[in-house]
Amino acid sequence: MKGTGWYRTMGYLIREVRRNKIDVVHTHLTRAAYIGHALGMVTKVPIVTSVHIANNDQIYKRLARRQNRLVAVSNFVAGMLHGRGVPERFIDTVYNGTDFVDIAPARREDVLDELRIPHDRKLVGLVGKVCRDKGQLELISAMKDVRKQHPDAHVLFVGRVEEDFRPEVEAAIQETGFADRFTVTGVRHDIPRLLDAMTLSTLPSVMETFGVAAIEAMARQKAVVATRVGALPEVVRHQQTGLLVDFRPEAIAEAVSYLLEHGQEREEMGYRGRLLVEQKFTLQEMANRFESVYRRAAGTG
């Protein structure tokens, strides 16, 4: 979609739309939105564009015409689009889904053995890219207070480590004085197994336009401590499926300590979180909603 490739892509799409009598074209992210906009102008086919991030690009306002649809991944993103000039009648919200509810549970002890973590540790997990925006530094700082009440707490970071960020996060772990209570797995392809081994999950992000990691943890029946930012309040229900906090180590520490201390309440939150995922955040629900959007764009719904 860059350079001269843009023209080849446009030519290919025009031919495919006309040859196969395609009714709707669905694009993702900003560069594809520009191609979709041009394609729609040439072929008159309706364009459905998914908006995953918050930005100021004018392409989304330009796409709000005829039968085109803009799909926001959350009401937070839908509000952002409307605030930047996109009429509400062109916006649909379709939440992301997960299939983690369909995967059989793993034995916690097997995961702990694999990671060489003692069985008596309480795992506080954070699944996501290890970078400044995901809150690993804040959780590391928070654990200094958590450890005073819960010396058996152990942090598990799961996700790709940004190389520029690695020295900073490793230094922060060493400065705590209990580096042996942190495990960084890197990229893993067995996230449900790792979630099953966790006592609770956290998502102390700077910003989230949805929060896939939160619904994945909830699908595995884990209470979630998340920051009160972006779309996270749409996903994590405060005091029902987890706790929402400010983006401060002290607030994160207080919530983590509370859930470690109150096991029954934590388990009940996890149970309610799984029910919420089964009701709103499955892949089938996501597919149903997209089918409805496609029908509206094609003029058949």
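Side chains of H150 and S257: a donor-acceptor N/O pair is absent below 3.5 angstrom, by distance only.
In this structure, the side chains of R84 and K61 stay at 4.5 Å or more apart for every pair of heavy atoms. Here the side chains of L194 and R188 are in contact, with some heavy-atom distance below 4.5 Å. Here the side chains of T300 and Y294 are not in contact, with every heavy-atom distance at 4.5 Å or above. Taking 4.5 Å as the limit, every side-chain heavy atom of Y258 sits out of range of all side-chain heavy atoms of E254. Side-chain contact between L39 and V25: present, with at least one pair of heavy atoms (C-beta onward) separated by less than 4.5 Å.
Scanning both residues, V184 and V161, for their nearest heavy atoms gives CG1-CG2, 3.9 Å. Nearest heavy-atom pair across V130 and Q136 is CA-NE2, 3.4 Å. Here the closest heavy-atom approach between residue M269 and residue L259 is recorded as SD-CD2, 3.7 Å. Closest non-hydrogen pair, A219 versus T98, comes out as CB-CG2, 4.2 Å. Minimum heavy-atom separation, L195 to E216: CD1-O, 3.5 Å. Here the shortest heavy-atom pairing between I91 and P87 reads CG1-O, 3.7 Å.
S74 contributes a side-chain N or O that, together with a main-chain N or O of T209, makes up a donor-acceptor pair within less than 3.5 Å. Here the side chain of S205 pairs no donor or acceptor atom with the backbone of M207 at under 3.5 angstrom. Not one N or O on the side chain of R237 forms a donor-acceptor pair closer than 3.5 Å with the backbone of T241. Formation of a donor-acceptor pair under 3.5 Å by the S141 side chain with backbone atoms of L137 is not found in this model. Judged by distance alone, the side chain of T282 and the main-chain N or O of E285 form a donor-acceptor pair under 3.5 Å.
Taking 4.0 Å as the cut-off between side-chain N and carboxylate O, E208 and K134 count as a salt-bridged pair. One finds no salt bridge joining K222 and D196 here, because no Lys/Arg side-chain nitrogen approaches an Asp/Glu carboxylate oxygen to under 4.0 Å.
Ring geometry, F281 versus Y95: the interplanar angle exceeds 60°, so the pair is classed perpendicular (tilted spans 30 to 60°).
Annotation: H52 is not in aromatic contact with F210 [ring centroid separation under 6.0 Å not met].
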